[in-house]
Amino acid sequence: LANASDDARGRDPGHVLIGAGLGTFETAIGFAPTLPARLLRLAGRLGLGGYALAIALVSASVLGAAGWALHAAGASLAQLLSLAPLALLPATEAASALVNLCVTRGITPAPLPSLELSTGVPPNLRTFVAVPVLLTGPDDLSEHLERLEVHHLSSVGGALHYALLSDGLDATHETIGTDASLIALAEAGIARLNAAYPTSAGNRFLLLHRRRRWNPSEGCWMGWERKRGKLVELNRLLRGDDGTSFLPSVVAVPQDVRFVITLDADTRVPRDAVRRLIGKLAHPLNRPRFDAVQGRIVEGYGILQPRVTAALPIGQEGSVFQRISSSPGGIEPYAAAISDVYQDLFGEGSFTGKGIYDIDAFEAALMGRVPNNSMLSHDLFEGIFARAALASDVEVVEDFPARYDVAARRQHRWVRGDWQLFPWVFGRRRGGVPTLGRWKMADNMRRSLVVPLAALALGAGWLSPLPLASLSTVLVIAMLT
């Protein structure tokens, strides 16, 4: 069966063993799936419609049960009607958690196939590990350089390069007095790393620093499009474009890079995680196929998102807030990508900004899609069009904010970014966005409204007599937990 195929994906034996050709293979050998297997496949064929219907039915059941309990406790019809709209989104949160629990318990996760790459990364899979950072001062720069060195030491050898993608702080002028000294310090640090870890294929470490550009909407000089702009310009630079805002690099920039791994400044990479990500994205069954008509990746994956785990506070480093908040329950779309629901049910994950992508597939899928200064939350959007997968058996670790105000500002940025995607869900830009992508965007917006509406529901319940107020409080809290 594999030999009869006319493309690389079909010729791989995995295509008929674990891929799209499995049904043909089962028919050819006369295999009959068991009843549980048939039921699970039926659930998969129901797709997003079946998933949404299940959440809607469970939400109605949760809301109905809460209404019945309040009515039995003496609530009037007017009170129930006033509480119902406020409790609707908290009820959907409980329903989503229950449905997702059933999915994750009922469907066995299937790790993505991978190449072993036991002898290192070959030149045809040359990979660029990029860490977007801000140059704020010598101390932070020293930490960035140390983390870059650790990334190298935790990885296998071969065709790997590591770079700091740096911007200066926002300023009222294109350059400020500390720019030159910080850039010189960074270049000296990169030179030390290259001297400490020489290779026959040229320098392994790079500093790519961008000039500031004037941003009229922000009223300041800043790095163009911040993190998104860094990666867009990096992709162009790696494909030979000399019109980016990067300063000329002291170290030659490789031009035959196939993959980019992007990490946050505080991301920690366990040993062999880089090798495993490259091996998975390079596997024939995972290679992306771009559809020019739809303008996106329709088969395989352009992005792989590893599982993200919050670091455990060590000794006196962690605050009380960090210790009680760094592992929230449920599906968190940005900080704790641990759920396999979308991957297991729909064959697609959600990109959260840390992972590996195929440069050519990424650029083809995202070319011209995002107007300047219009999108703060770009990771999910990129994962929708470049088709992201969750590599749940590969893990990276990152720090959780140590103070409430830092966590609140981060949450504010995420919510603001989620609502900037409104035109791609309900507005004039929704054309071309797949249905599952619009669902993910809308679900993030729904999630951002759960806590405010839950607070209003609590307040409305407290206007009732004490027994009824106590019951309504218990019900709302139960929906959120």
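Start at 1 with the first residue, then count along the sequence. Side chains are part of it too, since the values below use all heavy atoms of this structure and drop only hydrogens, waters and symmetry mates.
Note that OG of S350 is 13.0 Å distant from CD of E382, once rounded to the nearest 0.5 Å. Taking CG of N100 as the reference point, atom CG of D344 lies at 11.0 Å (rounded to 0.5 Å). The distance from the CG atom of L238 to the CG atom of D360 is 10.0 Å, given to the nearest 0.5 Å. D418 CG to R447 CZ: the interatomic distance, rounded to the nearest 0.5 Å, is 8.5 Å. Once rounded to the nearest 0.5 Å, the distance linking CG of D266 with CD of E143 reads 10.5 Å.
Side chain of N235 to main chain of E363: no donor-acceptor pair is present (N/O by atom type, distance under 3.5 Å, no hydrogens or angles). Distance alone, capped at 3.5 Å, is enough to place a donor-acceptor pair between the S154 side chain and the V150 backbone. Side chain of R275 to backbone of S118: no donor-acceptor contact under 3.5 angstrom is found. Side chain of R210 to main chain of W224: a donor-acceptor pair is present (N/O by atom type, distance under 3.5 Å, no hydrogens or angles). E299 places no side-chain N or O within 3.5 Å of a backbone atom of R289 that could act as its donor or acceptor partner. Not a single donor-acceptor pair under 3.5 Å links the side chain of R236 to the backbone N or O of L231. Although no hydrogens or angles enter the test, the distance criterion places no donor-acceptor pair under 3.5 Å between the side chain of S217 and the main chain of N215.
Within the 4.5 Å cutoff, the side chain of L234 has heavy atoms near those of the L165 side chain.
The shortest heavy-atom contact between P254 and V257 is CG-CG2, 3.8 Å. Counting all heavy atoms, side chain and backbone alike, S249 lies closest to L208 at CB-CD2, 4.0 Å. The two residues L206 and A252 make their nearest non-hydrogen contact at CD2-O, 3.7 Å. The shortest non-hydrogen separation linking A386 to I297 is O-CG1, 3.5 Å. Between A454 and L480, the closest heavy-atom pair is CB-CD1, 3.8 Å. Nearest heavy-atom pair across M441 and V425 is CB-CG2, 3.3 Å.
Comment: D379 does not engage K354 in a salt bridge, judged by the lack of any side-chain N to carboxylate O separation of less than 4.0 angstrom. With respect to the salt-bridge test (charged N to carboxylate O, under 4.0 angstrom), the residues R296 and D291 do not qualify. Using a cutoff of 4.0 Å between basic side-chain nitrogens and carboxylate oxygens, D12 and R287 are not scored as salt-bridged. A salt bridge links R446 with E93: the distance from a Lys NZ or Arg NE/NH1/NH2 to an Asp or Glu carboxylate oxygen falls below 4.0 Å. A salt bridge links K280 and D393; the closest N-O separation between the charged side-chain nitrogens and carboxylate oxygens is under 4.0 Å. Contact check on E398 versus R268 returns no salt bridge, with no Lys/Arg side-chain nitrogen under 4.0 Å from an Asp/Glu carboxylate oxygen. A salt bridge links R212 to D179: one of the charged nitrogens lies within less than 4.0 Å of a carboxylate oxygen.
Within the structure, salt bridge (charged side-chain N to carboxylate O under 4.0 Å, His left out) contacts touching residues 124-142 (residues at least two apart or in different chains) are R126-D256.
By the salt bridge (charged side-chain N to carboxylate O under 4.0 Å, His left out) test, R416 is found to be paired with no residue, residues two or more places apart in sequence or in another chain being considered. Taking the side-chain contact (heavy atoms from CB on, under 4.5 Å) definition, one finds that F426 meets it with F422, A442, M445, sequence neighbours left out.
Inspection of the Q343 and S392 side chains reveals no N or O donor paired with an N or O acceptor under 3.5 Å. No side-chain donor-acceptor contact under 3.5 Å links D358 and Y301. Defined by atom type and a distance below 3.5 Å, a donor-acceptor pair is present between the side-chain atoms of H209 and S166.
The environment of CD in E218 is crowded: more than 12 heavy-atom neighbours from other residues, nucleotides or ligands sit within 6.0 Å. The environment of CD in Q255 is crowded: more than 12 heavy-atom neighbours from other residues, nucleotides or ligands sit within 6.0 Å.
Both the sub-6.0 Å distance and the 45° axial angle are not jointly satisfied by R228 relative to the ring of F381.
Aromatic pair Y51/F346: centroids less than 6.0 angstrom apart. Ring centroids of Y162 and H151 are separated by 6.0 Å or more, keeping the two rings apart.
Between Y197 and F205, the ring planes are tilted. Angles from 30° to 60° get that label.
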